[in-house]
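To start, the structure itself, in structure tokens.
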Amino acid sequence: MPTTHLRTCHLCEANCGIIVTVDGRSVLSIRGDSDDPLSRGHICPKATAIADLESDPDRLRTPVKRVGGAWHPIAWDTAFAEIAARVAAIRAAGGETAIYAGNPNAHNYSIAPQLPLLRKALGAKAMFSASSVDQVPHQLVQLWMYGHNALFPIPDIDRTRHMVIIGGNPLASNGSVWTVPDVRTRIAALQARGGRLTVIDPRRTETAAVADAHHFIRPGSDPALLIALLLALDEAGLVAPGRLAAMLAGWDAAWAALRRFDITRLAAACGIDAAVIRDLAAQLGDGSPAIVYGRIGVSTAAFGTLNHWLINLLNIATGNLDRIGGAMFSTPAVDIVGQTGSGSRGRFHSRVSGHPEVLGEFPAVAMAEEIATPGAGQIKAFFTIAGNPVLSVPDGNALDAALATLDLMVSIDMYVTATSAHADYILPPCGPLEKDHYPLFLAPIAVRNFAKYSPPTFPPTPGSKSDWEIVAELARAIAGAQGQPLPNIVPPRDSLDRMLRNAPRGLTLADVEAHPHGLDLGALEPRLPDRLRTPDKTIACAPAELIADLAARFADWLSAPPADGLVLIGRRHVRNNNSWLGNSHRLAKGPPRCTLMIHPGDAAPRDIADGDRVVVRSGAGTVEVAAEITDSVMPGVVSMPHGFGHHRPGVRLAVAQAHPGASVNDLTERHRIDPLSGNAALVGTPVDVAPVRSAVAAE
């Protein structure tokens with residue numbers, strides 16, 4: 001008999017409430033929960049993919065071991081024992097170990113307490129994650145300015161009058177470092193109450209298409225625009241931090257550094273007219289609630305950290321930080337800020353290129369060189385957890401080659417992917433509907449304070465394990481094989497209950513469970529200065545590292561003429577989610593999405609027609625895709641989506657292989673990073689584009 005179950009969709013940051021109807025272990029339907037206080041009945045197409053993941057015939061159901069070119073089932077205890085023995089031997093011989101944690105870990109509360117156990121058992125100095133190809137510039141700026149890396153300012157879109165989005169496309173991403181389900185309706189409500197949405201992006205995105213204004217900007221030039229906006233506010237006498245003024249440390253020093261630049265020159269560098277910049281600054285400084293929000297387009301850039309500092313300065317300068325309708329701070333049920341360390345930078349450095357650690361991690365771009373470069377400290381054993389870095393990290397070909405040289409590789413993964421195909425052992429977690437869910441990292445960045453716990457929809461399949469069990473039991477086996485004390489394993493529900501009780505709201509897990517549709521904890525409220533974690537409860541407006549970066553690296557960039565030729569940017573689609581939903585037959589429907597968008601003015605002189613196969617070359621590699629001629633990208637810019645490239649040898653994803661596309665990260669370059677945060681600089685990769693027929697003739 002069919003039964004219904006309330007859950008949260010865990011596949012993206014929106015955390016939409018869903019109603020799952022099942023018959024036995026078959027999913028009959030997934031629909032939005034209109035009683036969920038956050039999502040209000042909204043879901044996007046990704047929610048239906050949960051059913052595909054649960055029933056996917058390509059999903060591994062038992063651990064496997066690679067012997068030669070074949071995969072063989074292996075018992076859990078045998079796999080743990082063999083892995084532990086090999087780790088002990090590698091470490092005894094002086095080999096280093098490392099972990100890469102992929103994006104899905106941010107959507108899985110249960111694994112967070114277990115990861116430190118595995119890292120300690122491995123003795124892994126080298127920790128990598130998807131953070132450094134995504135959002136670590138946000139966190140570093142927050143550490144320096146507010147005293148904790150997890151103090152995210154949240155756009156209060158439901159009460160603002162003007163929202164400016166730079167390098168973000170929430171209609172495709174459902175929000176990013178911003179939990180904001182049904183953003184289309186929220187934008188419509190903003191406009192209906194007389195407000196405005198302005199989008200600044202090298203592409204006329206889905207979000208730009210519904211905006212009141214859209215301005216093209218040269219990829220990677222965002223600091224020029226942001227500084228010009230600040231200077232325009234200053235010029236017009238509109239700098240008005242209001243009550244924030246009493247909390248600002250280094251405010252005058254920040255302005256002294258900014259005033260060395262000139263609006264006219266900055267406008268020319270970013271490609272937006274100075275009059276447009278002055279008009280936008282006047283709108284932001286008119287005293288009404290406003291927000292400047294920058295996302296992946298400004299994070300994955302050479303000046304990613306500088307960009308987010310400048311965005312925060314803009315929100316401060318207009319009095320819109322910690323203001324209703326501005327950029328606000330949450331009061332979450334589980335307070336990550338109050339229960340974790342603030343973060344760090346530069347406590348130690350990577351072996352090959354000397355990258356400083358940021359929040360305890362090295363840049364993901366350093367993985368290939370740390371594995372492939374011989375010498376003391378070379379990584380010999382590598383563990384990936386819900387990650388596919390061959391497709392998601394710059395210069396995927398280099399990492400692909402490096403992984404093949406490891407003495408041991410272990411992947412905790414549901415699938416044989418482009419990355420896990422290199423593993424010696426793949427340890428698959430149970431299906432998604434056999435897990436519980438709590439938005440540990442995402443509720444604190446939600447547009448509204450809320451809490452929601454989702455119990456498992458299905459009982460566990462006999463012989464299966466959840467991700468957290470795999471990590472915890474693996475940590476115990478590895479520790480035991482080296483004679484270390486065995487780590488104590490605390491069930492995630494117990495950890496969650498403790499974190500809830502220890503937060504200022506003082507809730508219990510039982511309190512949250514009593515509201516299966518979700519517990520509404522109210523709108524965001526002003527929280528400063530109490531929320532600050534700086535020693536003196538002030539906002540550090542002029543971090544020395546950022547002032548130096550502005551005066552040296554950015555000033556040098558500004559004085560150099562722009563390079564000729566095409567530059568590459570990425571893009572998202574609402575039916576994709578990085579590289580990990582490519583095997584959903586529901587989401588794979590529709591026209592091909594892995595195309596190279598190119599402006600008509602750039603296509604014509606290259607003799608490229610719409611739909612032609614083109615070769616795209618960069619300093620990292622070459623890919624072949626179909627051209628999509630469109631004026632939605634600005635001249636000089638081409639765009640490819642990320643998350644494709646499932647054609648590599650060994651991949652076992654039938655649906656994804658039928659729609660493989662090409663990996664944009666076979667074009668992005670490892671050496672292009674933001675040196676402050678170590679974040680990959682994916683935006684603005686120089687490329688050449690030619691029709692396949694011309695490229696073949698040239699060869």
Side-chain angles (χ1 to χ4, degrees), residues 63-66 74-102 105 108-129 339-341 343-344 347-351 357 359-362 366-367 370-371 375-387 403 406-413 420 422-429 465-496 498-499:
V64 291
K65 176 181 179 180
R66 183 160 54 85
I74 185 173
W76 284 107
D77 288 347
T78 305
F80 290 149
E82 289 186 8
I83 293 167
R86 291 179 66 173
V87 168
I90 288 168
R91 294 198 68 204
E96 292 291 332
T97 63
I99 299 171
Y100 175 85
N105 291 286
N108 185 350
Y109 91 96
S110 67
I111 207 166
Q114 316 303 332
L115 275 174
L117 305 182
L118 179 59
R119 187 174 184 178
K120 182 178 180 181
L122 289 170
K125 179 180 179 182
M127 179 80 190
F128 307 94
S129 81
Q339 298 184 41
T340 63
S344 62
R347 290 181 294 123
F348 46 90
H349 293 75
S350 68
R351 177 179 65 103
E357 63 79 26
L359 311 182
E361 299 181 10
F362 291 138
M367 285 190 293
E370 291 293 329
I371 294 169
Q378 182 181 7
I379 294 171
K380 294 290 189 178
F382 191 61
F383 289 67
T384 65
I385 305 173
L403 295 178
L406 289 162
D407 290 351
L408 173 66
M409 181 172 167
V410 178
S411 290
I412 298 174
D413 205 299
S420 65
H422 288 286
D424 299 286
Y425 301 86
I426 304 178
L427 309 176
K465 294 182 184 293
S466 190
D467 317 59
W468 74 268
E469 294 175 291
I470 298 170
V471 172
E473 292 178 32
L474 191 56
R476 285 178 66 87
I478 292 171
Q482 299 172 90
Q484 300 173 3
L486 300 185
N488 184 36
I489 299 176
V490 179
R493 278 179 53 91
D494 293 350
S495 296
L496 178 59
R498 175 182 52 78
M499 288 187 285

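Taken from CZ in Arg66 to OG in Ser411, the straight-line distance is 10.0 Å, to the nearest 0.5 Å. Interatomic distance, CZ of Arg86 versus CG of Asp407, reported as 8.0 Å (0.5 Å rounding). Taken to the nearest 0.5 Å, the OG atom of Ser344 stands 3.5 Å off from the CD atom of Glu357. In this structure, CG on Leu427 lies 10.5 Å from CD on Glu473, to the nearest 0.5 angstrom. Here CD of Gln114 is found 10.0 Å from CG of Asn108. Values are rounded to the nearest 0.5 Å. Expressed to the nearest 0.5 Å, how far CD of Gln378 lies from CG of Leu406 amounts to 8.5 Å.
Summarising the geometry of Ala381 relative to Ile90, their closest heavy-atom pair is CB-CD1, 4.0 Å, with the distance given to 0.1 Å. Of all heavy-atom pairs between Ile412 and Pro429, the closest is CG2-CD, 4.5 Å. Nearest heavy atom pair, residue Ile426 against residue Ala423, reads CG1-CB, 4.0 Å. Nearest heavy-atom pair across Phe128 and Ala98 is CE1-CB, 3.9 Å. Contact detail for Pro485 and Ala479: the closest heavy-atom pair is O-CB, 3.9 Å. Summarising the geometry of Gly95 relative to Lys380, their closest heavy-atom pair is CA-CG, 3.9 Å, with the distance given to 0.1 Å.
Between Tyr109 and Arg493, some side-chain heavy-atom pair lies under the 4.5 Å cut-off. Taking 4.5 Å as the limit, every side-chain heavy atom of Leu117 sits out of range of all side-chain heavy atoms of Val471. Here the side chains of Thr384 and Met409 are in contact, with some heavy-atom distance below 4.5 Å.
No more than 12 heavy atoms of other residues, nucleotides or ligands shown are found within 6.0 angstrom of CG on Asp77.
Counting only distance, with no hydrogens or angles, the side chain of Arg347 and the backbone of Leu359 share no donor-acceptor pair below 3.5 Å.
Contacts of Ile74 classified as side-chain contact (heavy atoms from CB on, under 4.5 Å), with partners at least two apart in sequence or in another chain: Pro63, Lys65, Thr78, Ala79, Glu82, Tyr425. Applying the side-chain hydrogen bond (donor to acceptor under 3.5 Å, both in side chains) test to Glu96 and every residue at least two apart in sequence or in another chain returns nothing.
Within the structure, ring pair (Phe, Tyr, Trp, His ring centres under 6.0 Å) pairs that include any residue of residues 79-98 comprise Trp76-Phe80 (at least two apart or interchain).
Classified by interplanar angle (parallel below 30°, tilted 30° to 60°, perpendicular above 60°), the ring pair Phe348/Phe362 is perpendicular.
Put simply, the residue from Val410, Ile379, Leu408, Leu122 that forms a side chain to side chain contact (heavy atoms under 4.5 Å, CB included) with Thr97 is Leu122.
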